[in-house]
Enquirer: 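I'd like to ask some things about the structure below.
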Amino acid sequence: MITTDFAAGAPCWIDLGVPDVPAAAAFYGAVLGWDYESMGGGEDGEDGEDMEGGMFRKDGKVVAGLGRLTEEGARPAWMIYYSVPDADAATAAVERAGGTVRVAPRDLDEWGRMAQYSDPLGGQFAVWQPGISKGVELVDEPGSLSWTELYTSDAAAAKDFYGGVFGWWFSDMELPGGGGTYALVTPAGQPAERMHGGVMELPAEHLATAGGRPYWHPVFAVTDCDAAVAAVTGNGGSVQMGPEDAEGVGRLAVCLDPAGADFVVLAPSSG
């Protein structure tokens, strides 16, 4: 369960980088019922295009950020931010553990301090040191972040790295049908019900979405997985896997938005 009190090492913010901001705003509005609020003071900015991006809201509460993809060669993707008390200390921990600093720690006015990294195998993630903003305002409800997931070609290396950086606790579970091992992630010092994510080992050839590199993606709660998938495909997105039932978890599908950014929709099991 993800909560909005954001323990150290827990996911606290997500944002999406895409080449076409208005198109992404329309897609996620249709799929997840999100409202888009431009930070440029209107739906469109200079030359009829939103140049900066803005925020997604669900029922009036901020659930994610949206911005134009500006990094050369970067793929459209969701970025997951983990809460830390000190972004500079987190950066030092990343470097000690063999990761790479992509964006050095910097202040975003009074909102907080952020930094972005790559793990040793190339998986991208970020941290957020809260200022007046702690993070998203709605989680673990339909239309909001409910889980985070890393696909990687080396789960043991990932656990060593992220355990060293965040102090995460891992517990392994065997997937049914010989599907391999899934490592559940809990923030340091937190009870099992604060589990917030998982690490899944896949062959490198199954990581084509990120060119063979590991990648994180968000899992969004929905009330009806099949209806969400119909909205995905009906609005220019596609489905990589599912919908399918996962025992004790719910019904889920791995999806791509029209720009190719990956995410999961999950209708949790009621039991």
Enquirer: Examine Trp111 and Met55 and state if one hydrophobic cluster contains both, with Ile, Leu, Val, Met, Phe, Trp and Tyr joined whenever side-chain heavy atoms are less than 4.5 Å apart.
Expert: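 Hydrophobic grouping puts Trp111 with Met55.
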
Enquirer: Are side-chain heavy atoms of Arg113 and Asp86 found at a separation under 4.5 Å?
Expert: no

Enquirer: Going through the checks in order, is the side-chain contact (heavy atoms from CB on, under 4.5 Å) test met by Asp172 and Lys159?
Expert: CA-CA 11 Å; Asp172 290 345; Lys159 290 192 284 186; 3.1 Å; yes

Enquirer: Could you label the plane-to-plane angle of the Tyr28 and Trp34 rings as parallel, tilted or perpendicular, counting under 30° as parallel and over 60° as perpendicular?
Expert: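 Correct class here is parallel.
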
Enquirer: Met114, Phe6: one ILVMFWY side-chain cluster at the under-4.5 Å cut-off?
Expert: yes

Enquirer: Determine whether Asp20 and Val18 make a side-chain contact, defined as any pair of heavy atoms from C-beta on separated by less than 4.5 Å.
Expert: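 Of all side-chain heavy-atom pairs linking Val18 with Asp20, none is under 4.5 Å.
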
Enquirer: Report yes or no: does Tyr36 contribute a side-chain atom to a donor-acceptor pair with the main-chain N or O of Gly53 at less than 3.5 Å?
Expert: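 Flag set: sc Tyr36 to bb Gly53 pair under 3.5 Å.
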
Enquirer: Within the 4.5 Å heavy-atom criterion, are Ser171 and Met195 side-chain neighbours or not?
Expert: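 Of all side-chain heavy-atom pairs linking Met195 with Ser171, at least one is under 4.5 Å.
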
Enquirer: What about Val62 and Val21, same hydrophobic cluster or not, with Ile/Leu/Val/Met/Phe/Trp/Tyr joined at side-chain heavy-atom distances under 4.5 Å?
Expert: yes

Enquirer: Please examine the side chains of Thr100 and Tyr117, heavy atoms only from C-beta on, and report whether any two atoms are closer than 4.5 Å.
Expert: no

Enquirer: Nearest 0.5 Å, what's the CG-OG distance between Asp109 and Ser133?
Expert: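 Atom-to-atom, Asp109:CG and Ser133:OG are 12.0 Å apart.
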
Enquirer: Once the angle between the rings of Phe220 and Phe263 is folded into 0 to 90°, is it parallel (under 30°), tilted (30 to 60°) or perpendicular (over 60°)?
Expert: tilted

Enquirer: Determine whether a donor-acceptor pair (N or O, by modelled atom type, separation under 3.5 Å) exists between the side chain of Gln240 and the backbone of Val254.
Expert: no

Enquirer: Would you say Gln116's side chain and Val103's backbone share a donor-acceptor pair under 3.5 angstrom?
Expert: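 Not a single qualifying donor-acceptor pair exists.
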
Enquirer: Distance check, rounded to the nearest 0.5 Å: Thr186 atom OG1 versus Arg194 atom CZ?
Expert: 10.0 Å

Enquirer: Parallel under 30°, tilted from 30 to 60°, perpendicular over 60°: which one fits the rings of Tyr215 and His217?
Expert: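 Because their plane-to-plane angle is over 60°, the rings of Tyr215 and His217 count as perpendicular.
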
Enquirer: Report whether Val31 and Leu266 are members of the same hydrophobic cluster (ILVMFWY, side-chain heavy atoms less than 4.5 Å apart, transitive linking).
Expert: no

Enquirer: Looking at every heavy atom in both Pro142 and Thr223, which two are closest together, and how far apart are they?
Expert: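 Heavy atoms only, the tightest pair is CG-CG2, 3.5 Å.
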
Enquirer: Taking all non-hydrogen atoms of both residues into account, name the closest pair between Ala8 and Pro187 and its distance.
Expert: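 Taking every non-hydrogen atom into account, O-CB, 3.6 Å.
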
Enquirer: Is there a side-chain contact between Leu175 and Met200, using heavy atoms and a 4.5 Å cut-off?
Expert: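 Heavy-atom side-chain distance check passes, below 4.5 Å.
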
Enquirer: Taking a hydrophobic cluster as the set of Ile, Leu, Val, Met, Phe, Trp and Tyr residues connected by side-chain heavy atoms closer than 4.5 Å, whether directly or through intermediates, do Ile14 and Val63 fall within one such cluster?
Expert: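 Yes: a chain of side-chain contacts under 4.5 Å links Ile14 to Val63.
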
Enquirer: Quick one: pull up CD in Glu247 and OG in Ser269 and give me the separation to the nearest 0.5 Å.
Expert: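 Here the interatomic distance stands at 9.5 Å.
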
Enquirer: Rounded to the nearest 0.5 Å, what's the gap from OG1 on Thr152 to OH on Tyr162? Could you check?
Expert: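 If we round to the nearest 0.5 Å, Thr152:OG1 and Tyr162:OH are 7.5 Å apart.
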
Enquirer: What are the two closest non-hydrogen atoms of Thr4 and Leu138, and how far apart are they?
Expert: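 Minimum heavy-atom contact is CG2-N, 4.3 Å.
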
Enquirer: Enter the distance from Ser153:OG to Glu205:CD here, rounded to the nearest 0.5 Å.
Expert: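 Rounded to the nearest 0.5 Å, the OG-CD separation comes to 9.5 Å.
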
Enquirer: Taking Ser146 for the side chain and Val219 for the main chain, is one N or O donor matched with an acceptor at less than 3.5 Å?
Expert: yes

Enquirer: Please name the pair of heavy atoms, one in Leu150 and one in Ala158, separated by the smallest distance, quoted to 0.1 Å.
Expert: CD2-CB, 3.8 Å

Enquirer: Assess whether side-chain contact (heavy atoms from CB on, under 4.5 Å) is satisfied between Glu201 and Thr181, documenting all intermediate values.
Expert: CA-CA 7 Å; Glu201 183 169 301; Thr181 302; over 6 Å; no

Enquirer: Please evaluate residues Thr3 and Glu193 with respect to the criterion side-chain contact (heavy atoms from CB on, under 4.5 Å), reporting the C-alpha separation (whole Å), side-chain torsions for both, the decisive distance (0.1 Å), and the verdict.
Expert: CA-CA 10 Å; Thr3 65; Glu193 57 263 28; over 6 Å; no

Enquirer: Output yes when a side-chain donor or acceptor of Trp13 lies under 3.5 Å from a complementary backbone atom of Gly65, and no otherwise.
Expert: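 Not a single qualifying donor-acceptor pair exists.
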
Enquirer: For Pro214, which of Val199, Asp154, Leu121 qualifies under side chain to side chain contact (heavy atoms under 4.5 Å, CB included)?
Expert: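 Exactly one pass, corresponding to Leu121.
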
Enquirer: Between Met241 and Leu252, does a side-chain contact (heavy atoms from CB on, under 4.5 Å) hold up when you go through it step by step?
Expert: CA-CA 9 Å; Met241 185 194 78; Leu252 59 86; 3.5 Å; yes

Enquirer: So do the side chains of Val136 and Tyr81 get within less than 4.5 Å of each other, counting heavy atoms only?
Expert: no

Enquirer: Is the closest side-chain donor-acceptor distance between Thr148 and Tyr82 under 3.5 Å?
Expert: yes

Enquirer: Do Val222 and Leu32 have side-chain heavy atoms sitting under 4.5 Å apart?
Expert: yes

Enquirer: Could you give the distance from NZ (Lys61) to CG (Asp35), rounded to the nearest 0.5 Å?
Expert: 14.0 Å

Enquirer: Just by modelled atom types, is the Ala259 backbone N or O under 3.5 Å from a matching donor or acceptor in the Asp257 side chain?
Expert: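 Yes; at least one donor-acceptor contact below 3.5 Å.
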
Enquirer: Could you tell me which non-hydrogen atom of Leu69 sits nearest to which non-hydrogen atom of Ala74, and how far apart they are?
Expert: CD2-O, 3.3 Å

Enquirer: Counting heavy atoms not belonging to Met173, are there more than 12 under 6.0 Å from its CE?
Expert: yes

Enquirer: Please find the pair of heavy atoms, one from Pro243 and one from Ala253, that lie closest to each other, and give the distance.
Expert: CA-CB, 4.0 Å

Enquirer: Once the angle between the rings of Phe161 and Phe125 is folded into 0 to 90°, is it parallel (under 30°), tilted (30 to 60°) or perpendicular (over 60°)?
Expert: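 Taking Phe125 first and then Phe161, their aromatic rings stand perpendicular (interplane angle over 60°).
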
Enquirer: Should Met1 and His196 count as side-chain neighbours, where that means a heavy-atom distance under 4.5 Å?
Expert: no

Enquirer: Going by the angle between their ring planes, with limits at 30° and 60°, are Trp168 and Phe166 parallel, tilted or perpendicular?
Expert: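 If you compare the ring of Trp168 with that of Phe166, the planes turn out parallel.
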
